[in-house]
Student: 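I am attaching a structure below and will ask some questions about it afterwards.
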Amino acid sequence: MAYTVTLIPGDGTGPELAEVTKKVVDATGVKINWETAEAGSDVMQKYGTPLPESTLNSVRKNKVALKGPITTPIGTGFRSVNVAIRKELDLYTCLRPCKTYKGVRSKYEDINLVVVRENTEDLYAGVEFAQDSAEAKKIIELSSNKIRPQSAISIKPISKVGTERIVKFAFDYAVKHNRKKVTAVTKANIMKFTDGLFFETAREVAKQYEGKIEYEERLIDNMCMQLVQKPHLYDVIVLPNLYGDILSDLCAGLIGGLGIAPGANFGKDYAVFEAVHGSAPKYTGLNKVNPTALILSAVLMLEHLGETKAAQRLEKAVAEVIAEGKAVTYDLGGTAGTSQMGDAIIAKLK
Ligand code: NAD
């Protein structure tokens with residue numbers, strides 16, 4: 001069977017990573033018609049937007065996409081294309097498995113954590129008001145002067161329905177993958193209404209899994225320390241958007257860095273696979289960065305397509321190349337380039 005998958009190469013180091021990943025996936029023997037779709041800062045001039053409607057339509061049509069990283073200007077310029085794709089397609093789950101592979105330089109061994117991050121709400125909802133705007137002034141007034149004059153304001157919405165579906169995803173994932181425990185993480189002692197609602201809803205969902213999957217809660221600050229000191233205590237971790245974003249990078253650090261941390265975004269209808277890392281712009285065009293994170297994201301994509309055997313073979317090939325340590329990129333202590341590491345993985349597949 002042949003699949004049609006949208007390939008969004010992205011910008012910065014994205015296109016070189018996407019090219020290598022495509023070649024590696026093709027080498028598994030799974031037949032994929034790649035439909036390339038543009039997005040990112042490089043296409044801004046051509047389309048007047050960094051996220052053309054045709055790109056979203058391609059994902060809507062094919063239902064599955066593999067995506068390279070896309071740069072987001074800080075402070076000014078367009079809003080995050082990555083966040084926009086997740087919102088437009090209602091990809092409410094961001095799944096980030098964090099697993100140590102033999103041969104990776106890390107202080108820890110045998111880590112096997114899964115971060116489940118809510119993708120559509122929280123401070124990433126894009127409800128922001130500029131300093132001195134009429135809206136900001138109104139909110140300052142409503143706050144009974146708890147907010148200082150001339151503040152810029154971001155709104156943090158957390159809904160019951162949004163929380164229910166992400167926590168349910170975490171528990172269903174735990175059941176399906178023989179996991180033992182789900183840990184919900186917030187700062188509910190301070191944000192009693194928003195993060196409080198997240199915990200309250202998570203507890204209700206957890207009741208449906210009693211006797212099957214253990215449930216516990218942690219505060220985000222404590223969780224950061226716990227993960228650095230005792231990462232083996234944790235299994236599946238579910239969090240609102242911002243904490244999930246930050247904790248994903250922390251967990252990537254535990255397993256040897258962003259170069260090997262994969263990810264997947266799931267909604268009811270669509271799935272977009274992408275690495276945790278960004279566009280690493282300083283390395284653009286240098287054939288230097290590690291393709292593993294995007295290749296392992298493609299492993300998640302093959303699993304999603306039902307190509308379990310190909311997914312297992314590809315993960316094994318990646319693990320062997322990392323364990324040998326010869327054809328690996330700089331972040332894994334080697335001197336290979338992006339394409340050389342990809343070629344070594346292809347050689348293992350043969
Ligand atoms: P980044 O993840 O791009 O890079 C941070 C550092 O991590 C790099 O300088 C590099 O040292 C290392 N790194 C990242 N990817 C690597 C790889 N594949 N191999 C080896 N080392 C790697 O983070 P940043 O510098 O904060 O962000 C750069 C841009 O990417 C920003 O515009 C940001 O908004 C965007 N971003 C996009 C996504 C996405 O597309 N989903 C995610 C995060 C950040």
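Quick note: residue numbers are just sequence positions, from 1. The structure presented is a predicted model; accordingly, all values stated were derived computationally and were not measured. Just so you know, these numbers use all the heavy atoms, side chains as well, and skip hydrogens, waters and symmetry mates.
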Student: Would you say Y330 and T335 make side-chain contact, with heavy atoms under 4.5 Å?
Tutor: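 Y330 vs T335: side chains apart.
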Student: Under the rule for side chain to side chain contact (heavy atoms under 4.5 Å, CB included), what residues qualify as partners of A310, not counting sequence neighbours?
Tutor: T28, V30, L302, E307
Student: Do V185 and V238 touch side chain to side chain, with heavy atoms closer than 4.5 Å?
Tutor: no
Student: How about K180: does its NZ atom have over 12 heavy atoms from other parts shown lying under 6.0 Å from it?
Tutor: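 No.
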Student: Indicate whether the side chain of T4 and that of E35 have a donor and an acceptor atom separated by less than 3.5 Å.
Tutor: no
Student: Taking K192 first and then E200, would you say they form a salt bridge - that is, a charged N and a carboxylate O separated by under 4.0 Å?
Tutor: no
Student: Filter on ring-ring contact (aromatic ring centres under 6.0 Å, His included), then keep only pairs touching residues 89-145, sequence neighbours left out; what's left?
Tutor: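 Counting only pairs at least two positions apart or across chains, no ring-ring contact (aromatic ring centres under 6.0 Å, His included) contact touches residues 89-145.
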Student: One thing to verify: whether K102 and E109 come together as a salt bridge, which I'm taking to mean a side-chain N less than 4.0 angstrom from a carboxylate O.
Tutor: no
Student: Less than 4.0 angstrom from a charged side-chain N to a carboxylate O is my criterion; do E128 and R79 meet it?
Tutor: yes
Student: So that I know where these two stand, are F198 and Y243 an aromatic pair - ring centroids less than 6.0 Å apart?
Tutor: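 Ring-ring flag for F198/Y243: false, centres at least 6.0 Å apart.
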Student: Would you please test E38 and K46 for salt bridge (charged side-chain N to carboxylate O under 4.0 Å, His left out) and show each step?
Tutor: CA-CA 10 Å; E38 297 174 302; K46 189 166 153 193; 3.1 Å; yes
Student: Begin from the C-alpha positions of S41 and T71 and carry the test side-chain hydrogen bond (donor to acceptor under 3.5 Å, both in side chains) through to its verdict.
Tutor: CA-CA 7 Å; S41 54; T71 307; 4.7 Å; no
Student: Looking at D172 and K176, does any basic side-chain N land under 4.0 Å from a carboxylate oxygen?
Tutor: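 No, D172 and K176 are not salt-bridged.
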Student: In terms of side-chain geometry, is the basic nitrogen of E274 or R86 positioned less than 4.0 Å from the acidic oxygen of its partner?
Tutor: yes
Student: Strictly below 4.0 Å, N to O, side chains only: are D132 and K137 in salt-bridge contact?
Tutor: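 Salt bridge: no.
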Student: Does the distance from a Lys or Arg side-chain N to an Asp or Glu carboxylate O, for R60 and E53, drop under 4.0 Å?
Tutor: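 Looking at R60 and E53, the cut-off is met.
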Student: Scan side-chain atoms only and decide if T6 and S58 contain a donor-acceptor pair under the 3.5 Å cut-off.
Tutor: yes
Student: Quick one, I8 and L66 - any side-chain contact, counting heavy atoms below 4.5 Å?
Tutor: no
Student: So does P262 get a backbone contact from the side chain of R96, meaning a donor-acceptor N/O pair under 3.5 Å?
Tutor: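 Judged by distance alone, no pair lies under 3.5 Å.
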Student: Regarding R165 and D90, does a basic nitrogen lie under 4.0 Å from an acidic carboxylate oxygen?
Tutor: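 Salt bridge flag = yes for D90 with R165.
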Student: Charged N to carboxylate O under 4.0 angstrom, K160 versus E204?
Tutor: yes
Student: For the side chain of T338 and the backbone of L17, is there at least one donor-acceptor N/O pair under 3.5 Å apart?
Tutor: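 Checking the backbone N and O of L17 against the side chain of T338, no donor-acceptor pair under 3.5 Å is found.
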Student: Is there a side chain to side chain contact (heavy atoms under 4.5 Å, CB included) between D235 and L113? Walk through the geometry before answering.
Tutor: CA-CA 5 Å; D235 194 350; L113 292 167; 5.9 Å; no
Student: Is it true that the side chains of T183 and E217 contain a donor and an acceptor less than 3.5 Å apart?
Tutor: no
Student: List the steps and the verdict of side chain to side chain contact (heavy atoms under 4.5 Å, CB included) for V289 and H277.
Tutor: CA-CA 11 Å; V289 288; H277 66 71; over 6 Å; no
Student: For K99, is there an ion pair with E315 - N to carboxylate O distance below 4.0 angstrom?
Tutor: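 Counted as a salt bridge, because a side-chain N and a carboxylate O are separated by less than 4.0 Å.
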Student: Just checking, any donor-acceptor pair under 3.5 angstrom between side chains of N265 and K67?
Tutor: no
Student: Take a 6.0 Å sphere around NZ of K181 and say whether it holds more than 12 heavy atoms from other residues, nucleotides or ligands.
Tutor: yes
Student: Decide yes or no on side chain to side chain contact (heavy atoms under 4.5 Å, CB included) for D195 and I190, but give the supporting numbers first.
Tutor: CA-CA 8 Å; D195 287 358; I190 304 295; over 6 Å; no
Student: Which is it for R203 and E216 under the salt bridge (charged side-chain N to carboxylate O under 4.0 Å, His left out) test, yes or no, and what are the steps along the way?
Tutor: CA-CA 9 Å; R203 265 171 234 150; E216 64 179 15; over 6 Å; no
Student: Distance only, no hydrogens: is a donor on one side chain within 3.5 Å (strictly under) of an acceptor on the other, for Y47 and Q45?
Tutor: no
Student: Are any of the side-chain heavy atoms of Q340 and N287 separated by less than 4.5 Å?
Tutor: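 Yes, at least one pair of side-chain atoms sits under 4.5 Å.
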Student: Just so I know, are the side chains of N241 and L123 near enough to count as touching, which here means a heavy-atom distance under 4.5 Å?
Tutor: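 When only atoms from C-beta onward are counted, L123 and N241 do not touch, as no gap falls below 4.5 Å.
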Student: Any luck finding a side-chain donor-acceptor pair between T120 and E118 under 3.5 Å?
Tutor: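 T120 vs E118: donor-acceptor pair found between side chains.
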Student: Step through the shown structure and confirm whether more than 12 heavy atoms of other residues, nucleotides or ligands are within 6.0 Å of NZ on K138.
Tutor: no
Student: Report yes if the distance between the aromatic ring centroids of F266 and Y173 is under 6.0 Å, otherwise no.
Tutor: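 No; Y173 has its ring centre 6.0 Å or more from that of F266.
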Student: I'd like to know if K23 and D343 make a salt bridge, using a cut-off of under 4.0 Å between side-chain N and carboxylate O.
Tutor: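 Yes.
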Student: Report the C-alpha distance between I139 and I147 in whole Å, list the side-chain angles of each, state the deciding distance to 0.1 Å, and finish with yes or no for side chain to side chain contact (heavy atoms under 4.5 Å, CB included).
Tutor: CA-CA 8 Å; I139 296 169; I147 304 174; 4.0 Å; yes
Student: Side-chain donor-acceptor pair under 3.5 Å between T284 and T13, yes or no?
Tutor: no
